[in-house]
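In each ligand, atom 1 is the first atom listed, and ligand 1 is the first ligand listed.
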Amino acid sequence: MDKLVISGGNPLVGRVKISGAKNAALPLMAATLLTRGKNRLANVPNLRDVRTMGRLLTTLGAKVNTRTDRIYIDTGGADGDEAPYELVKTMRASVLVLGPLVARRGVARVSLPGGCAIGERPIDQHLKGLEAMGCKVKLEGGYVLAEAKRLKGADIAMDLVTVTGTENLVMAACLAKGTSIIRNAAREPEVVDLCNALSEAGAEIRGAGTGTITIQGVKELAPLDHRVMPDRIEAGTYMAAAGITRGELTIVDAPLEHLTSVVGKLKEAGIRFQPTPKGLVVSARRAPRPVSIITGPYPGFPTDLQAQLMALMCLNSGSAVFQETIFENRFMHVSELRRLGAEIEVTGSTAVVKGVRGLKGAQVMATDLRASACLVLAALAAEGETHISRVYHLDRGYESIDQKLTSAGATVRREAEAGP
Ligand code: EPZ
């Protein structure tokens, strides 16, 4: 396992380019199972989770080749129908093969993903939607067994907004017989990116990006050929990095149109944004003003940026309140931030961050993907050296983050970490 050693105190000044979105690339890769041919995805980020999804597709019989940021997935021989526990336990998003497998092959055996650090994360809504489409679903030995001769269109009202649940059901509905309506659908940009790619391949989808998505099933889809959208969560993370280090970062390919709620909060905190022909210049000169955050489904404030904003608010000039409404355990970063000198009180799903004058480097441990990004931000501002262990969490969702930060003036080195 590796750790990152960061010497804090340098304002970040320079240019970072935003990579393709992990949470768009993963469903897009799963969607290739709906087709029988040579699929191509461009602007795919080089991440641990993308490689895991590639391994899963290979297990299912697809041929997967990656060349720089392009991934070629030939599903002509993808005759497998089992997503094994060994792979699914390392990445929940593996559940995204469920819908495509049932739709394309009429059968799927997918290991239950199990919970993770941030919450139990059930998939009941995925299964309820598939059953509404005529799929027989059984749970056996930690696996979901799903079977359907041919899915039929259904009118599905989701009990709650679920991103991958919406994505699974959209993909399944593309090849179902008849029309499906998904109500209370997720509106995230990554859902829209998936729907766009499916439509380009011949799917008939209306309402992507709204709470009601209508899909007219078709017999067949052409292979996907799509460019993955830029990663709004990565972009938001670097915006917070510019703010916490009181630097000036030019962020290239930031999908501003997907970050309205985030940019609004950062501006409230006093961070400045200047679009230029070279990219979006994000800068800060003083301690951030306190802003309060309530996470919610898109277009609300993204839960995936809650931890990063909390790092920024550790140095705010007052008190900031965070309410996490999506996941039941997404404050794992709080105890690690306290080790750096932050003053944070947590009551249930609410955290109150009392600003301090400065943070001090220490040894901390990453617990999940976005918590590790939060610790990187805090370390960049802390005085002295911070050692962040278990950075494999970070490598799941941030392409070349050490290189990107170093190129903007940060002092970051990656070291092998001894011991368990
Ligand atoms: C997606 O996860 C993202 N992952 C997550 O990003 C993101 O945090 C989350 O959406 C919320 O925006 C990918 O897209 C690969 P949900 P997902 O289903 O789809 C409950 C990251 O850091 N729920 O929208 O798994 C669930 O427990 C990751 O990149 C059910 O109860 O999240 C949660 O409380 C972390 N039953 C809430 O809904 C279900 O069947 C939202 O979960 C499904 C979900």
Using a plain distance cutoff, I'd like to know if [X] has any nitrogen or oxygen under 3.5 Å from a nitrogen or oxygen of ligand 1.
| X | result |
| --- | --- |
| R370 | yes |
| D124 | yes |
| E328 | no |
| I118 | no |
| R92 | yes |

Identify the two heavy atoms, one from [X] and one from [Y], that lie closest to each other, and give their separation to 0.1 Å.
| X | Y | answer |
| --- | --- | --- |
| A30 | M53 | CB-CE, 4.4 Å |
| V102 | A146 | CG2-CB, 3.6 Å |
| M239 | L266 | CB-CD1, 3.6 Å |
| L259 | R232 | CD2-O, 3.3 Å |

To which of [options] does the heavy atom nearest [atom] belong?
| atom | options | result |
| --- | --- | --- |
| atom 12 (O) of ligand 1 | V163, N168, V191 | V163 |
| atom 44 (C) of ligand 1 | A307, G165, P122 | P122 |
| atom 23 (N) of ligand 1 | T303, L160, L96 | L160 |

Checklist entry - Relative to ligand 1, is Q306 under 4.0 angstrom through side chain, backbone, both or neither, heavy atoms considered? => result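 Looking at Q306 and ligand 1, no heavy atom falls under 4.0 Å.
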Checklist entry - Using heavy atoms and a threshold below 4.0 Å, how should the contact between E190 and ligand 1 be classified: side chain, backbone, both, or neither? => result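 Neither; nothing of E190 gets under 4.0 Å from ligand 1.
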Item to check | Residue and atom name of the nearest protein heavy atom (relative to atom 6 (O) of ligand 1), distance in Å to one decimal | outcome: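 So the nearest neighbour among protein heavy atoms is D304 OD2, 3.0 Å.
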Item to check | Proximal atoms of ligand 1 relative to Q125 (non-hydrogen, under 4.0 Å) | outcome: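 Those of ligand 1 that fall under 4.0 Å from Q125 are 36 (N), 39 (C), 40 (O).
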Checklist entry - Cation over ring, R48 on Y392, under 6.0 Å and within 45°? => result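 No cation-pi geometry.
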Next on the checklist: Whether the side chain of T295 engages the backbone of T325 through a donor-acceptor N/O pair (distance < 3.5 Å, no angle test) should be reported.
Outcome noted: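 Yes; judged by distance alone, with no hydrogens or angles, the pair exists.
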Next on the checklist: Determine whether a donor-acceptor pair (N or O, by modelled atom type, separation under 3.5 Å) exists between the side chain of E200 and the backbone of L224.
Outcome noted: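 Between the backbone of L224 and the side chain of E200 there is no qualifying donor-acceptor contact (under 3.5 Å).
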